[in-house]
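Below: the structure, in structure tokens.
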Amino acid sequence: MATGSTPTSTSVTWGSRWTFILAATGSAVGLGNIWKFPYITGEYGGGAFVLVYLACILAIGIPVMIAEVMIGRAGRTDPADAMTKLARESNAPRQWGLLGAVGMIAGLMIMMFYSVVAGWALEYVSQSVTGAYSHLDATAIESNFSSLLASSDRQLLWHSVFSLVTASVVAAGVTGGIGKAVDILMPLLFGFLLLLVGYSAVNGDFSAGLHFMFDTDFSRLTSEAVLVAMGHAFFTLSLGMGAIMAYGAYFPGHSSIGTTVLTIAALDTIIALLAGMAMFPLVFANDLVPGQGPGLMFVTLPIAFSNMSGGMFFGSLFFALVSIAALSSSISLIEPGVAWLEKHGIKRPISTFSLAGIAWLGGIASIHSGTIFNILDKLTTNIMLPLGGLLIAIFAGWIMQRDRVQDETGISHPRIFAVWRFALRYIAPLGIIAIFLHSLGLMGWVMR
Ligand code: PHE
């Protein structure tokens, strides 16, 4: 994708499978892992929530992810047109293409809060560089974050910077360059998280943190928690809105999608778990509330940085890494829409800046209203993405022809293919529907 142009049938493909892995990992690993996973784990009570999330990654996320890459590769174009094309090929209504369109809208809606949070990360780069929170105690660090939330000007500044950088990268079509950046970024981020986990093990209440994350107390698991865990499985793997499908269009022919997806999902999950293991020991050692919400990362990690030697240097670097991880995700939030508009005759820079402009305006609304922020987050993550995933599973599992699917996934082992297809046809759709019904309270009523 180095040229940034939309591939027409079988033209541009990723130089190698590795490049696809980097770009897809870049999309998957982001604020979802480092900011969101720890704070929702805190809000929804820890271990049992983590277990449901892991189960959703395995039973729903991975099968759907393979399907998305497969559809993208089979269609070799933007998600909306890929779905239309494959629907026609399977004698199904071309309205399936609407799924791609809804996905583009979901991507923009996610961007409307994502770039605000990425802006917070940028603010913390600047605060670390200037040493703003150095040697403050936990209470002062908490109120430091609250004062950021109270300052719409500072949030607007960084939200705008982040939106502009995202738009510039997408407009230039240098997403291939991002793949290379990810190559360096991921090992660094990984190393940093390990370092922070080490710090927390020594200076935090490591055992309380681990117990919180891994002791499964199912009495704390509400039906809302189950819905949020499933929604997050989609969010963190960038599924259900076409991001991974758009990248799948560049996946080289003949190599197997299965192992690639497993690698990405494993990496994504490990990074999220490490982020949690870095934060919760500090929560318990400093008498913070695990369920304090979206500020969790911006309170716990500054506590660590403010106390360690060279902390402001490490803090600057860490928040910069988080911002870049957010950038490699945000480009994939608007890329499907841009690819579609470009294909329909609108020049890439114009389509990029229009879509990014809409997302930027939405971001301003999220800055000024916590309610709008929450609605955008909850509606996209917990409803739109799983719904998109459900339809993708039905499309790849029931509508597309079996042989075409087998050929396109490149999974040559018959038994592995059968297991995947079973998960896609039955486990994922029924799981998603059951969780939806459960959270509506209908499941209890049906079971009675
Ligand atoms: N997966 C990204 C993250 O965890 C967010 C994302 C969601 C990106 C959906 C693209 C599509 O931060």
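Quantities reported herein were computed from a predicted structural model and do not represent experimental measurements. Whatever order the structure lists ligands and atoms in, that order sets their numbers, starting from 1. One-based numbering along the sequence shown.
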Ligand 1: which protein N/O atoms lie under 3.5 Å from its N/O atoms?
unit_1: ligand 1; atom_1: 1 (N); unit_2: S27; atom_2: O; d: 3.2
unit_1: ligand 1; atom_1: 1 (N); unit_2: A28; atom_2: O; d: 3.0
unit_1: ligand 1; atom_1: 1 (N); unit_2: F235; atom_2: O; d: 2.8
unit_1: ligand 1; atom_1: 1 (N); unit_2: T236; atom_2: O; d: 3.2
unit_1: ligand 1; atom_1: 1 (N); unit_2: S238; atom_2: OG; d: 2.9
unit_1: ligand 1; atom_1: 4 (O); unit_2: A28; atom_2: O; d: 2.9
unit_1: ligand 1; atom_1: 4 (O); unit_2: G32; atom_2: N; d: 3.3
unit_1: ligand 1; atom_1: 4 (O); unit_2: N33; atom_2: OD1; d: 3.4
unit_1: ligand 1; atom_1: 12 (O); unit_2: L31; atom_2: N; d: 3.1
unit_1: ligand 1; atom_1: 12 (O); unit_2: G32; atom_2: N; d: 2.8
unit_1: ligand 1; atom_1: 12 (O); unit_2: Y114; atom_2: OH; d: 2.5

The reported gap from CG in L86 to CD1 in I399 (rounded to nearest 0.5 angstrom) is 11.5 Å

Indicate, with yes or no, if the rings of W398 and Y426 have centres closer together than 6.0 Å.
yes

Output for pair (F318 CZ, S128 OG), nearest 0.5 Å, gives 10.0 Å

By salt bridge (charged side-chain N to carboxylate O under 4.0 Å, His left out), E408 pairs with (sequence neighbours left out) R73, R404

Original post:
Going by heavy atoms in the side chains, are W420 and V261 under 4.5 Å from each other?
Top reply: no

Is it true that F305 and F314 have ring centroids separated by less than 6.0 Å?
-> no

